[in-house]
Amino acid sequence: QVQLVESGGGEVRTGDSLSLSCTASDRTFNNGGMGWFRQVPGKGRDFVAAIRWSTGETFYEDSVKGRFTISRNNAKNAIYLQMTNLKPEDTAVYYCGGSRHGRLLKSDFRSWGQGTQVTVSS
């Protein structure tokens, strides 16, 4: 089955920037989309950003609008998350997800990467 591989996490300070990347092993999500979710200990995965593959339409959780940018590279089956002005509350494990459905409902994201840790210190 399709594999998702994330990279780019790390430790930064408040106000710094980080870029995450995720590459899918095939074109499974070309009729749907891909996105980023994050999770902290004791809680479920929260939506961060998503992109509809066919159109490039993007969606963001309110707290990251204006700070995070999601993009895609069609040839590489990859998505990216450019994060700026990072805050301590952004600290989490960030997961790349894939949806085969263009509606991009949370329940449609059924494929996941291994996660990459982002830690923002004050």
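Along the sequence shown, residues carry numbers from 1. Every value quoted in this text rests on a predicted model; they were computed, and no experiment measured them. Hydrogens, waters and symmetry mates are skipped; everything else that's a heavy atom, side chains included, is used.
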OG on Ser121 to CG on Leu86, rounded to 0.5 Å: 10.5 Å

Residue list, side chain to side chain contact (heavy atoms under 4.5 Å, CB included) with Thr91, at least two apart or on another chain: Gln117, Thr119, Val120

Where Val48 and Val64 come nearest, the two heavy atoms and their spacing: O-CG2, 3.6 Å

Value rounded to 0.5 Å, distance of CG in Leu81 from OG1 in Thr116: 11.0 Å

Qualifying residues under side chain to side chain contact (heavy atoms under 4.5 Å, CB included), relative to Ser54, sequence neighbours excluded: Arg52

Pairs touching residues 92-103 that satisfy salt bridge (charged side-chain N to carboxylate O under 4.0 Å, His left out), sequence neighbours left out: Arg103-Asp108

Disulfide bond (SG atoms under 2.5 Å apart) pairs, two or more places apart, involving residues 36-87: none

Side chains of Asn77 and Asn30 in contact at under 4.5 Å (non-hydrogen atoms): yes

Of all pairs that satisfy salt bridge (charged side-chain N to carboxylate O under 4.0 Å, His left out), the ones with a partner from residues 68-91, not counting sequence neighbours: Arg38-Asp90, Arg67-Asp90

Nearest atoms (heavy-atom pairs only) where Ala50 meets Leu104: CB-CD1, 4.5 Å

Qualifying disulfide bond (SG atoms under 2.5 Å apart) pairs with a residue from residues 51-82, counting only residues at least two apart or across chains: none

From CG (Asn31) to NE2 (His101), nearest 0.5 Å: 10.0 Å

Verify same cluster id: Ile51, Val2 (apolar side-chain graph, 4.5 Å): yes

Pairs touching residues 3-30 that satisfy ring pair (Phe, Tyr, Trp, His ring centres under 6.0 Å), sequence neighbours left out: none

Of all pairs that satisfy ring pair (Phe, Tyr, Trp, His ring centres under 6.0 Å), the ones with a partner from residues 34-89, not counting sequence neighbours: Phe37-Phe47, Phe37-Phe109, Phe37-Trp112

Rounded distance (nearest 0.5 Å) linking atom CG of Leu4 with atom CD of Gln114: 9.0 Å

Within residues 1-18 or reaching into it, pairs that qualify as side chain to side chain donor-acceptor pair (under 3.5 Å) - sequence neighbours excluded: Ser7-Ser21

Of all pairs that satisfy disulfide bond (SG atoms under 2.5 Å apart), the ones with a partner from residues 36-81, not counting sequence neighbours: none

Where Gly8 and Leu18 come nearest, the two heavy atoms and their spacing: O-CD2, 3.7 Å

Residue pairs fulfilling disulfide bond (SG atoms under 2.5 Å apart) with at least one residue in residues 61-122, sequence neighbours excluded: Cys22-Cys96

Counterpart residues, side chain to side chain contact (heavy atoms under 4.5 Å, CB included), relative to Asp62 (two or more places apart): Lys65

Side chain to side chain contact (heavy atoms under 4.5 Å, CB included) evaluation trace for Met83 with Val12: CA-CA 11 Å; Met83 303 182 291; Val12 299; over 6 Å; no

